[in-house]
Structure formats: structure tokens, C-alpha cells
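Structure first, then comments.
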Amino acid sequence: MVASLLRDLVADHTVRTVALGAAILGIVSGALGTFAVLRRQSLLGDAMSHAALPGIAIAFLLTGSKAPFVLVAGAAIAGWLGTLVVMAIVRSTRIKYDSALGIVLSVFFGVGLVLLTFIQRRPDASQAGLDKFLFGQAASLLVRDVVTMAVLGAAALTCAALLWKELKLLAFDPDFAGTLGLPIRVLDAVLTGLLVIGIVVGLQTVGVVLMSAMVVAPAAAARQWTDRLGFMIVLAGGFGALAGVAGAILSSEASRLPTGPTIVLCAGAIVIVSLLAAPNRGLVWTWASDRRDRHRLRLDAVLADLYALAGQHGTLDHAHPVPVLEAMSAGHGVSESLRALEERGLVRQRGDEGWTLTPTGSNEAERRFRSRSTLEEGA
Amino acid sequence: MPEPPAPAIEVADLTVAYRDKPALWDIDLAVPSGVLMAVVGPNGAGKTTLIKAILGLLRPAAGSILIHGRPYEEQRRLVAYVPQRGSVDWDFPTSVLDVVMMGRYGELGWVRRPGRRERELALEALEQTGMHAFAGRQISQLSGGQQQRVFLARALVQAARIYFMDEPFQGVDATTEVAIVKLLQELRGAGKTVVVVHHDLQTVAEYFDWVTLLNVRRIASGPVREVFTDENLRLAYGGRVAFLGSDGRPPEA
């Protein structure tokens, strides 16, 4: 199946268009979404994309045209307006940010659904197909759609690249940016505008309902793999493109699935892999290093206990049974730790009586635990 | 006595309000050049608000602010700012060196990226704050004291004449506190003016030579020896503090 898909990809004009469109949408939304995620505005993307729906409907009602540029412009204006309404609600009422997002999202989306139904009930047949903006339909992408997406996306990414250090400072420390004389409100508006573009670019392919996932998921996944903002943005764009292409091809070729959900599932898979497997931050990594640390600490505890006992008895000849050590270390796994220490030649078993330090173990313990206080100061 | 030069900071009739609640009421302040000044007062007294208003981050309801005799907008390059450590997300994907170079962004202007010169200045500032070895470190791996030193280094590369610092001693250990104080005193020694929002009344007399006591209104402002008195502290804190030296006077610096 994979081989045939790849062959189709190269040969089939439609599939090529779809894949290209999905890649563009993934790159643009992933890269620009990085800023939203870092500024903790992930949900703003959700409100924007839902708010774009009435814009699409109104643009069609006013112009009667389904040209991508017209509809995208309508979506962008409505998404932008939605954002402004959120800000205005937060500023002038006691309603908090999350509630304001919820209100705007649902009200705009509701208006959009009503308008969409109204349009579909109209007698003229030319209106059909606007509902693809709900869940997305990659198969409907035409070359002119892809060109529109590419132009908008390139413009947005160029703008972000030019304002790179200003946007970075805005995301990290807006107050400091303000004291340097950067116009924070303007930059904030620019960044919001870029995010709107990142979203409308993907609406036809992914749909308004799930588009916000393409803003959040690639960036969240990318954060797992890197500590550099620049690389994070590149990686988020790459993840977005991967999810977009995989999802679009799966949905338009292998089955009759709606494109949006398929793309989002692919993005979700990338996030899950990243959460689990990324070095340093990944769950598997943390789990393994926690385990390693615990194991080492247990060994240290047993060694320290034996050392303390040897000190009390004044000799290494006196062996101590496991239950005594278990009581001292207040934990299980003592036998296991003793065997691990034995392998390193630090302790030995004396018949049935129990365990004692070897001379090497005694030296090691002396060196480690006598100087513990100084070590901790240095650490 | 000769006429003193224009004060480093001159605040007149400054009032700032959040909704209907005044955070600062009719503040007059003149901070002479070259002093190391503490801003003290109880929680909610408006200490941070005062700094943010001076830096133009808040729009005052009334009043005027002059930096070396001119409005702040014209004097930005003379001013450096160290915000509260907790005001940023330290898990942001960036390195220590990167954060310090941000202090040069104002000088760089639009579009231009920091280059070799910015790098050198940043490394120099990190050297001064004892953070040189951490230049390449991801900022989430820093301790509280190290974060504070990074922020100080970022202010140092601004090569300013006036430094505003919001609680630089918040949550740092004793060693770092001593190092920071030494740095602040070096700045004063170099003729800079340093304004520090401070919480620990015990150390005011030891660290600073100038103090402003604030509680929405200005209680007092002047040399520590003259204005850091029991009387003024009672006015600022509402009689809730009694801790000064046994003679009831702050210890002499």
C-alpha cells in the first residue's frame, strides 16, 4: 500500500496538488503556532479558526464567489475580529480570558453554522461545497488554492523571519521589550495577524473545527526535542508538513475519511511519539533516568548503612543480616542492592550470618561518606 | 551650596490607578544621580507600579516623569531594567547567552540580528556576574540565583546610566545576594544611579545610601540616615514593624 501511495504521489496530479497544499499548511501553521504555544495562547487559535466560519459564509453571500482568495479574506477578517472581541471582553469586563475565548468561539461558530445552512437552502446550485470548511476536504484543493496558500504562507513566514528578534523578545519578556521602546501592542497585533494567516491557510484542507490542532500539536511536539527557538520553529514546521501530507494522502486516497480529522490524527501520533521518546523531556527518558537514580541511591544507602555498622562495631569482620539492613534503609530491594555491590567487590556475604564491607568497600565508603558534606556544598 | 545638576529621576504628581483603585497617589520624587536607592513599603504599596510607570509600561492617570531632565521616550538608552525573575517563563527555549544579548536589541534597531559584537558584550557581562561558564546553558537549568544573575547581565549590556531592579534579592541565596550587592555598589561607584525594589528592611541601611518609603503615597525619600527612621517606617507600614537596632535607630552604614 505504501509503495502504491508513493507511486500515486509522484504520478497523480491531484495527489501532488493535495500533498503540496497539505505540506504548505503544515509548515505555516506549525511554525507560526510555535509563538502561540510559547506565549500560552494555544486556545486563541481555536477561537480564531471557529470564528472564521461566519467570515467564509458572509464573503460568499456578499460576492457570490467561491474564489479561494475571497473566502480566505473573509475567514481572516472574521478570525481577526473574533480575536479583537476576546481582547475587548477581557479588557472591559470581569470575564476572564478562557471564558471570553469560549464565548467568542461558540457564538461566532454558531453564526457560521446558521449562515451555512441558510446558504445551502438557497435555490441556486452554485453554493454547494462550502461545508467542506467544517471538516476540511483536501481532495477539493485546486492548483489556484495551493498558490493562494503558498503566497500567504510565504508572506507570513517572511514577516516572522524579519521580525525574528522582536517577536522572540515579545514572547519571552514583553515588559522588557516595552522598556527598550518596542511597540508591544503593534507587535502583538502583528503576531496575532500572522497566526490568523497560519490558520486560514489551512481551513479548506483541515476545516475550522480542528484547525487549532495544527497550531498547537506540531509546536508542542517540537518543544520536546529541542531547547532552541529557531530549531523548534523549523521542527514544528516539519512536523506540521509531515502530518499534513500523511493525513491528506490517507484521506484522499486510501479511504473516504474527512481530511481534517485524519491530518489531526497524524499530528496527534507525532505528539505522542515526542512525549514518550524525546531525549531529556520524554516520559521514557525521565522514567529510565529516575529508575537509574533510585537504583544508585539505594546502593549508596546500603553501603552507608554497612559503613555505619562497621564503625559501631569497630570491625569489618562482623556480618549483618539483611533484615537489619532493611530496617535501616527503610526500604525493600536490599538483597538486590547487596548483590549489585557484591559484583563491584564492595561487599561480601559471610555464610548465613549476613553481609559486611570488603576492605575496598570500606575505603570507598570512607571516601564517599566522610566527604559528603563538602561534596554537597560543591554541588 | 552650588546648584545641584538635574536629578537622574524626577517624578511629579504621579498618580496611577487600576480601575478605580489608586495604586500610586500624587507621588513626587527626585532621585539624585549616582545613588543606590531602595524602594521599600508593604505589599501593595505600589513599588513595582512605580517602576513600571517610570519605565512607561503603565499609563499614569496623571503626573510627569523626567529622566535626566527629559521625557523617558527620549532617554530610553540611558535606562536598564531588571524585571522580577518570576515574570518570565524560564522554560522558554533559549540559552543564557541569548537572553543576555536581548539587552542589546534596543541598540540594534529593527530587523538587524545580534552579531559578534553583541556576543562579546554579553560574554563580558556574564563574566561580571560570575555566569561566564553558563553562557551556553539552557535557561530552564538555572537555579533562582543564577536566573537573577542572567537578568543582571542583560541589564549590564544595556550600558545604561540608570538601573531599575525589581526585587533582585527575591529567592536568591546568601552568596548570590552578597555578589549582587557588590555589583550594585560597583555600579554606583561608576557613577550610575541604581533603583532597587527591596523587601528586607534589615539590610536597607547596610546596602543602600538612599531610600524611598512608599505606601500608595510617598512617605519619605532621601538619604537613608535621614529618612529611614522608626517614625517613617511606622507611617509606611502602619505601626506593624518594630525591629530596628536596640536604640530604635537603623544601624549606621
Side-chain angles (χ1 to χ4, degrees), chain A residues 34-42 90-94 158-187 190 219-236 278-281 377-379, chain B residues 19 48 51-52 54-59 72-85 87-96 98-99 101-115 118 136-141 143 150-151 154-155 158 160 162-164 166 175:
Chain A
T34 303
F35 285 107
V37 167
L38 289 175
R39 297 180 75 205
R40 302 175 185 211
Q41 291 187 335
S42 306
V90 172
R91 235 199 321 268
S92 54
T93 72
R94 285 182 181 274
T158 310
C159 184
L162 284 176
L163 293 176
W164 171 252
K165 73 175 192 306
E166 285 79 12
L167 294 180
K168 176 171 161 183
L169 188 52
L170 178 75
F172 176 61
D173 194 347
D175 273 357
F176 186 76
T179 67
L180 293 182
L182 294 180
I184 324 181
R185 273 163 175 268
V186 176
L187 282 173
V190 168
R223 182 67 188 94
Q224 289 291 109
W225 299 93
T226 176
D227 281 333
R228 302 263 161 211
L229 180 60
F231 189 53
M232 182 178 166
I233 288 177
V234 172
L235 208 54
N280 293 319
R281 287 176 169 257
E377 270 167 33
Chain B
R19 296 186 182 274
T48 298
I51 286 194
K52 288 195 168 177
I54 294 174
L55 292 170
L57 294 174
L58 295 171
R59 194 191 296 274
Y72 176 70
E73 291 72 41
E74 299 171 26
Q75 303 280 56
R76 280 186 205 286
R77 300 286 169 270
L78 302 184
V79 175
Y81 173 48
V82 180
Q84 279 185 25
R85 189 160 54 79
S87 66
V88 304
D89 173 15
W90 288 94
D91 196 36
F92 196 86
T94 191
S95 69
V96 165
D98 238 22
V99 170
M101 284 196 292
M102 288 175 185
R104 301 300 301 170
Y105 283 10
E107 202 71 15
L108 273 173
W110 292 96
V111 178
R112 270 183 59 201
R113 302 278 178 94
E118 282 67 39
R137 189 75 71 94
Q138 151 68 16
I139 57 171
S140 63
Q141 295 166 11
S143 70
V150 170
F151 262 10
R154 184 176 70 173
Q158 291 186 269
I162 307 180
Y163 289 80
F164 289 95
D166 202 344
T175 328

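From a predicted model like this one, the values you see are computed outputs, not experimental measurements. Chain identifiers are assigned alphabetically (A, B, ...) following the order of the sequence lines, protein sequences preceding nucleic acid strands; residue numbering begins at 1 within each chain.
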Taking atom CG of B:L55 and atom CG of A:D175, what is their separation to the nearest 0.5 Å? 9.0 Å

Within a strict 4.5 Å, meaning less than it, do heavy atoms of the A:L162 and B:V111 side chains meet? yes

If you count heavy-atom pairs under 4.5 Å with chain B, which of A:F231, A:F172, A:W164 comes out on top? A:F172

Heavy-atom distance under 4.5 Å between the side chains of B:M102 and A:K168, does that happen here? yes

Between B:I139, B:L108, B:V99, B:D91, which residue shows the highest count of heavy-atom pairs closer than 4.5 Å to chain A? B:D91

Output yes when a side-chain donor or acceptor of B:Y72 lies under 3.5 Å from a complementary backbone atom of A:T179, and no otherwise. yes

Give a yes or no on this: more than 12 heavy atoms of other residues, nucleotides or ligands lie within 6.0 Å of atom CZ of B:R113. yes

Region of B:Q158 that comes under 4.5 Å of a non-hydrogen atom in chain A: side chain

In terms of heavy-atom contacts, B:R77 and A:L180 come closest through NH1-O, 3.7 Å

What option among B:W110, B:W90, B:Y81 has the most heavy-atom pairs under 4.5 Å with chain A? B:W110

To the nearest 0.5 angstrom, please state how far the CG atom of A:L182 sits from the CZ atom of B:R76. 8.5 Å

Taking side chain as everything from C-beta outward and backbone as N, CA, C, O, which of these in B:V79 sits under 4.5 Å from a heavy atom of chain A? Side chain, backbone, both or neither. neither

Is the shortest side-chain N to carboxylate O distance from A:R228 to B:D98 below 4.0 Å? no

Measuring from B:Y105:OH to A:E166:CD, what's the distance to the nearest 0.5 Å? 8.0 Å

Interface residue of largest heavy-atom contact number with chain B, from A:I184, A:L163, A:L229, under 4.5 Å: A:L229

Option from A:T226, A:L38, A:T34 for which side chain to side chain contact (heavy atoms under 4.5 Å, CB included) with B:P93 holds: A:L38

Looking at B:R112 and A:K165, what are the two nearest heavy atoms and their distance? O-NZ, 2.8 Å

Given that the side chain runs from C-beta out, which part of A:A171 has a heavy atom under 4.5 Å from chain B: side chain, backbone, both or neither? both

Any side-chain heavy atom of A:D173 sitting closer than 4.5 Å to one from B:R154? yes

Residue part contacting chain B, namely of A:R281, when any heavy atom lies under 4.5 Å: side chain

